[in-house]
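What follows is a single structure, written as structure tokens, with notes after it.
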Amino acid sequence: MAKGTHIPLENFETFPAEEMEKRSADFYSQIRKRRSVRDFSDTAVPDSVIRNCLLAAGTAPNGANLQPWHFCVVKDANVKAEIRKAAEAEEFEFYNGKAPQDWLDALAPLGTDESKPFLETASTLIVIFAKTFGLDHDGKKVKHYYVTESVGIATGFLIAALHDAGCATLTHTPSPMKFLNQILDRPSNERPFLVLVVGQPAEDTLVPDITKKKLAEIATWH
Ligand code: IYR
């Protein structure tokens, strides 16, 4: 057996098959209602909700349990405005020369462009940083493992938790994103991973008319 201290697995629920089936179907029917939203109202999301969802994100499985993430919750209008200004400058470059035509063609159904008003209108931005390495008490580097996978899974938990709480989200990835370290005063071992825009959808919000792949297209049984 492993060397670390071990304790009994507690509070893990199992269910009879029929109940598993119902629960999994219910979860699917809820999560399939999630849509990336690009028009937000200015309705505030309570801090308590954000806190619970961050706690949920922090339970994600991750490399060697080193939890290589940091979440910056941004509500201050001035900070949001600063992030919008910097992101739109990057996005302008992207949409006007930097992005190859095939990428722009792939994005066409989404109707996105360099204008990102949601970075100011949405109640909350959660800027997610990946810690490329850690620092121990003496400032010595601690190697991190599977950083991208770990932060990706935690972000998935966060999005699902926010959706479950009735919050709309948008995963936004201005590129490059280094400006976020400077605006949010994060150290250089942290790499901006994505900006999660969080809030309530604006009334009559439209979303792209797109579909998800069928199960047979995304999965095989062996
Ligand atoms: N970051 C840009 C472009 C963009 C890229 C992908 I891949 C998307 O799925 C959506 C947008 C933007 O936010 O507009």
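Treat the numbers as computed from the prediction; the structure is a model and nothing was measured. When reading the values below, keep in mind they use all heavy atoms of this one structure, side chains included, and skip hydrogens, waters and symmetry mates.
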Just verifying a value: how many Å separate [X] [atom1] and [Y] [atom2], rounded to the nearest 0.5 Å?
| X | Y | atom1 | atom2 | result |
| --- | --- | --- | --- | --- |
| R51 | L55 | CZ | CG | 8.5 Å |
| T169 | L194 | OG1 | CG | 10.0 Å |
| W69 | K131 | CH2 | NZ | 11.5 Å |

Query raised in the report: According to the interplanar angle, ranging from 0 to 90°, do the rings of F129 and H70 count as parallel (below 30°), tilted (30 to 60°) or perpendicular (above 60°)?
Result: tilted

Query raised in the report: Does R23 make a cation-pi contact with F15, if we ask for NZ or CZ under 6.0 Å from the ring centre and within 45° of the axis?
Result: yes

Report task. Indicate, with yes or no, if the rings of F94 and W103 have centres closer together than 6.0 Å. Result -> yes

Just checking [X]: does its [atom1] atom have more than 12 heavy atoms from other residues, nucleotides or ligands closer to it than 6.0 angstrom?
| X | atom1 | value |
| --- | --- | --- |
| F133 | CZ | yes |
| Y146 | OH | no |
| D102 | CG | yes |

Requested in this report: Report yes if some heavy atom in the side chain of V195 is under 4.5 Å from a heavy atom in the side chain of T173; otherwise report no.
Outcome: no

Query - Test log, rule salt bridge (charged side-chain N to carboxylate O under 4.0 Å, His left out), inputs E93 and K98 - result: CA-CA 6 Å; E93 297 297 322; K98 227 175 90 187; over 6 Å; no

Query raised in the report: Of T121, V37, L119, T124, which meets side-chain contact (heavy atoms from CB on, under 4.5 Å) against V197?
Result: L119

Query raised in the report: Quick one: does Q67's side chain have a donor or acceptor within less than 3.5 Å of a partner on N65's backbone?
Result: yes

Report task. Evaluate the salt bridge (charged side-chain N to carboxylate O under 4.0 Å, His left out) criterion for residues K80 and D76: first the C-alpha distance (whole Å), next the side-chain angles of each, then the deciding distance (0.1 Å), finally the verdict. Result -> CA-CA 6 Å; K80 288 195 289 185; D76 184 283; over 6 Å; no

